[in-house]
Number of protein chains: 2
Amino acid sequence: MKRGGTISNQELLAWPIFAISAGVLSLQHLLEDGRKSIAALFMPGDIIDMRGLTGRNRGQLIALSKITLCRLSPAAFEATVEDNPEAQRIAWNNLRGQTYRAMDHAADLAKKQAVEKLASFLFECTNRKLDQGPRDQVHIPIRRIDLADYLGMQPETVSRCFKYLEDRKIIAFQGISNLNILDIPTLRRIANGDKQTENLRNTNDNTFKAIANT
Amino acid sequence: MKRGGTISNQELLAWPIFAISAGVLSLQHLLEDGRKSIAALFMPGDIIDMRGLTGRNRGQLIALSKITLCRLSPAAFEATVEDNPEAQRIAWNNLRGQTYRAMDHAADLAKKQAVEKLASFLFECTNRKLDQGPRDQVHIPIRRIDLADYLGMQPETVSRCFKYLEDRKIIAFQGISNLNILDIPTLRRIANGDKQTENLRNTNDNTFKAIANT
DNA sequence: CGACGTGTTGAAGTCCCTCAAGCCTGGTGG
DNA sequence: CCACCAGGCTTGAGGGACTTCAACACGTCG
């Protein structure tokens, strides 16, 4: 499936359960006036069970990159889960992971500023990647526009916040979708909403003002 | 358990799984500088499985009202779920409901304005209440402060938005925690972010200005 | 090459937050 | 029974962070 492709409701009725093999899939909500928001990101290994949810106002499943997915028939899924405790445990834990990730994400959106949300997202990326590579290298698997919709901000703000972190030598870009975290502790503090860090970051400006006032 | 009571990490290690019988439980995240946000609300019937999540930075479980809950031992839970397909289905569907509710909530927080978020919350209340009473009567089971933390706004803004809806005869309060929805279609449009509604609502002001200008 | 979509800057506006004060309600004790 | 108190809710003015709008770079694909 190509980027931008959607899974239609008819397909969902026929195959409401599937798993992601590769790529990034999104659950998008569209408001009346065109505002778009991405409610969740599904990545390889995630199991999606939309039984009984197709008709509702739950939004659409849209691919954010080229994806491959593995369809499961509800009957086969139920049978597997009932017979195989191991499979059941995997499915349960995956769904549980999705739940708490969505709740964490909601908390991030609720009371965090733009830079803080971006910092949290970078950690979410490092936590979710399957291959256990170096923890300071991050690959951003989606476009800036989609990232903005996921974090509840504008593409412009995303750009400005990345620049903000880059200027302060906290991250360094390698191309458009890869970056290194140069200062993990500071980024962590920002993600946790530590205003102390904010003060540190503003030190230069403050001394500037202080000098100007003398 | 009284309002304000928390479930400690030690208790969670001993009893990581439980179900809510009555009351409202919240999952709260606390930022370094004191900002608080409520990541999720758990209501009667919800099953909470925190296995393996206690140590992490997942926040705390805090009661928002007097609650009673039913502890389950992991072993017993697993055994029940493996033996009884019906129980398994109930647990799975409950967790699935929590997941999609959290995702919807995240989408609401991402790209909605204050009044729109409040309207969505009112519908979430009507959808979640167990007794199938009249659909236009809503009981708000939590305080304004907690509602603000859940919706990512300030208590003041919550108050202002309620007044806004009340002034326009869209809702009518019966006491502090009960209200009637007088105009369900309009409230629905607001919840869906329809700017047309916004224009309708502003009509009076506009004519006012127009007259004032002539 | 030119067109398109995406990402980045810059200035003006708006919604919400912050702070401060007043009001109301429910619980407590005399 | 009523005064009192404390916590929560409401209201008002001022400031800040993000959005909006517009224009410009950049890479890709036809």
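Numbers restart at 1 for each chain; the letters A, B, ... are given by sequence-line order, proteins then strands.
The side-chain heavy atoms of Asn178(B) and Phe173(B), taken from C-beta on, include no pair separated by under 4.5 Å. Using a 4.5 Å heavy-atom threshold, the side chains of His139(A) and Pro141(A) count as touching. In this structure, Met43(A) and Arg128(A) have side chains that are in contact, with non-hydrogen atoms separated by less than 4.5 Å.
Using modelled atom types, one finds a donor on one side chain and an acceptor on the other under 3.5 Å when comparing Arg96(B) with Asn93(B). No side-chain donor-acceptor contact under 3.5 Å links Gln28(A) and Tyr150(A).
Judged as a side chain to side chain donor-acceptor pair (under 3.5 Å), and not counting sequence neighbours, the contacts of Arg35(A) are Asp33(A), Glu116(B).
The distance from atom CG of Leu179(A) to atom P of dG7(C) is 14 Å, rounded to the nearest whole Å. Going from atom CD of Gln154(A) over to atom P of dT6(C) covers 15 Å, rounded to whole Å. Following rounding to the nearest Å, Arg3(A) (CZ) and dC4(C) (P) show an atom-to-atom distance of 17 Å. In this structure, Arg35(A) places its CZ atom 12 Å from C1' of dC15(C), rounding to the nearest Å. Here dC15(C) presents its P atom at 10 Å from OH of Tyr164(B), a figure rounded to the nearest Å. Rounded to an integer number of Å, the gap from Met153(B) CE to dT18(C) P is 13 Å. The distance between atom CD of Glu166(A) and atom C1' of dG7(C), rounded to the nearest whole Å, is 13 Å. Between Asp149(B) atom CG and dG8(D) atom C1' there is a gap of 13 Å when expressed in whole angstrom units.
Sequence neighbours left out, the pairs with a member in residues 11-21 of chain B that pass side-chain hydrogen bond (donor to acceptor under 3.5 Å, both in side chains) are Ser8(B)-Glu11(B).
With rounding to the nearest 0.5 Å, the separation of OG in Ser177(A) from CD1 in Ile142(A) is 11.0 Å.
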Below 3.5 Å between N/O atoms, which protein atoms pair up with nucleotides 23-26 of chain C? Just atom names and distances, please.
none

Identify each atom pair where a protein N or O and an N or O of nucleotides 24-30 of chain D are less than 3.5 Å apart, giving names and distance.
none

Under 4.0 Å protein heavy-atom contacts per nucleotide of nucleotides 9-14 of chain D, with B for base, S for backbone only and - for none: SSBBB-
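In the helix from dC1(C)-dG30(D) to dG30(C)-dC1(D), the end axes, each obtained as the rotation axis mapping the C1' atoms of four pairs onto the next four within a five-pair block, lie 40° apart to the nearest 10 degrees.
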Given the rule in the side-chain contact (heavy atoms from CB on, under 4.5 Å) test, do Arg3(A) and Ile67(A) qualify, once you have shown the distances and angles that lead to the verdict? CA-CA 8 Å; Arg3(A) 180 168 74 80; Ile67(A) 63 174; over 6 Å; no
Check the pair Phe121(A), His105(A) against ring-ring contact (aromatic ring centres under 6.0 Å, His included), reporting the backbone distance first and the verdict last. CA-CA 9 Å; Phe121(A) 178 75; His105(A) 183 224; 8.4 Å; no
Passes side-chain contact (heavy atoms from CB on, under 4.5 Å), Ile47(A) versus Leu95(A)? Steps please. CA-CA 7 Å; Ile47(A) 297 165; Leu95(A) 186 58; over 6 Å; no
Between Ile181(B) and Val138(B), is a side-chain contact (heavy atoms from CB on, under 4.5 Å) present by the stated rule, with each step listed? CA-CA 8 Å; Ile181(B) 306 179; Val138(B) 183; 3.8 Å; yes
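If you check every strand for non-hydrogen atoms under 4.0 Å, Gly152(A) touches sugar and phosphate atoms only.
Because its NZ or CZ atom is not both nearer than 6.0 Å to the ring centre of Phe162(B) and within 45° of the ring axis, Arg160(B) does not count as a cation-pi partner of that residue.
Looking at every heavy atom in both residues, Leu118(B) comes nearest to Val158(B) through CD2-O, 4.0 Å.
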